[in-house]
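Worksheet for the structure shown next.
We're numbering straight along the sequence, starting at 1.
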Amino acid sequence: MEKVSKKITGSVEISPEIVEEIEKEIKNISEFGKKIEKASKERITDILEIILGGAILLETSDIHIEPTEKQARLRARIDGVLQDIIIFDLEIFQGILSRIKLLSGLKLNISDRPQDGRFSVFWGQNLIEIRASSLPAEHGESIVLRILNPKNLMGIETLGLRKDLQTSFNKEIKKPNGMIIVTGPTGSGKTTTLYAFLKKLQSPENKIITIEDPIEYHLKGISQTQTNPKKGYDFANGLRSIMRQDPDVILVGEIRDLETAQIALQAALTGHLVFTTLHTNDAAGTVARLISLGAKTSNIGPAINIAIAQRLVRKVCKKCSKLRSISDQELKKIKKDLRGLSKQIKIPKLIKGFKIPETVGCKDCNSTGFRGRIGIFEAFFIDNEMEKFILTNPSIASLEEKAIKKGMVTMKQDGLIKVLEGITTIEEIEKVMG
């Protein structure tokens, strides 16, 4: 295995000795920075190995390397928040930049326009994909490395769904046709949710095909394709080709234009189960977004099974967080925000002195008070009544009001329920949801 992997271009193989050393010496951001500083006296390849290995170990989603006038700084995004790691001199930066470009297949002699590439990291028994992006900046090229760790692939059970939603989703993804749309901004965990659905459906009986831009995680037993607009293979053309393959389940990475929307809606109406994403702020915005692209309301209602919106919130660190009594003002506000909640949703009894989590900060959570993230969700299901309502081309506010009357729990409410369950804080929910 070792001899074969070394022959692969565009890959970094971190030796078992280095893996063991990194695991032993890096437990937090401070130790990560010290380890890079110590390695800065070594070869560029060694420095990059430490950067990549430490980032993988600390479950970093992306690494930012940014040059300034006299130095360069390295930052890592952990649990959705960028944190400073180390500042190093420009000579080391140039060496790292060149090494990353070589690995990613980026052109060394081009620095005045953006470039994108990718490479792989062999970390122990795991193969981890890295997406590299270079961008011309004032003092040189800024590099961002996105780490696509298969470890982040989850099952439906670990997404953070309430029991009622989990039961409903499990039921909906077993339907033979229709569309399930997951919405939210970039970095809200949409792809993770869709992959969790696909993992649940993996079986010899199901023909599953995806079209993505790009393929983020590789799933066994599923045909995954990647768009290539330069060669005329975009979402719309790719989706047309996929339809000829007689799939049972189709994943369309994102609906960006009318042509893709029309083909996806038609697929959902003609016996296929379609998963896809849209960029909207909430679940109710799904219909308005499709209409703005030019889709007909007469197709939207019958095609869509569920519209889901989600965000990611940080979980309190289990090692250092503590409980505090809720203030009278907070209690009043939470009661108001949870008013009208369906009786089927079980929440703790809210009384004076109720305990909620408070962050502290320790070495294990890099003094942030948080460790790991979890999803908060809202979803509205389209039944006959909702289908007729969509035909009236309602506003987003009207559609949301209707969905809430039919039992939808909003993302903010879902977040507050997680506060009451001791998973996150009021401050974190307000930061994410406003």
I'd like to know if [X] and [Y] make a salt bridge, using a cut-off of under 4.0 Å between side-chain N and carboxylate O.
X	Y	result
Asp62	Arg77	yes
Arg311	Glu428	no
Glu141	Lys101	yes
Asp84	Arg73	yes
Asp364	Lys27	no
Lys35	Glu31	no
Glu37	Lys34	no
Arg146	Glu216	yes

Please identify each residue that fulfils side chain to side chain donor-acceptor pair (under 3.5 Å) with Ser111, with sequence neighbours left out.
none
Taking only residues at least two apart or on different chains, which pairs with a member in residues 379-389 satisfy side-chain hydrogen bond (donor to acceptor under 3.5 Å, both in side chains)?
Asp383-Lys406, Glu385-Lys402, Glu385-Lys406
Listed once per pair and sorted, the salt bridge (Lys or Arg N to Asp or Glu O under 4.0 Å) pairs that draw on residues 181-194, sequence neighbours left out
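Residue pairs with at least one partner in residues 181-194: there are none.
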Check Thr227 against Asp234 and note the closest heavy-atom contact, atom names and distance.
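Minimum heavy-atom contact is CG2-C, 4.0 Å.
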Under the side-chain contact (heavy atoms from CB on, under 4.5 Å) test, which residues partner Lys107, sequence neighbours left out?
Asn109, Ile110, Gln115
Please list, chain by chain and in numerical order, all residues satisfying side-chain contact (heavy atoms from CB on, under 4.5 Å) with Val19, sequence neighbours excluded.
Ile14, Glu23, Trp123
Verify salt bridge (Lys or Arg N to Asp or Glu O under 4.0 Å) between Arg99 and Glu49, making sure each step is shown before the conclusion.
CA-CA 11 Å; Arg99 178 69 179 143; Glu49 278 190 14; over 6 Å; no
Applying ring-ring contact (aromatic ring centres under 6.0 Å, His included), which residue pairs with at least one partner in residues 171-210 are found, sequence neighbours left out?
Phe169-Phe197, Tyr195-Tyr217, Phe197-Phe275
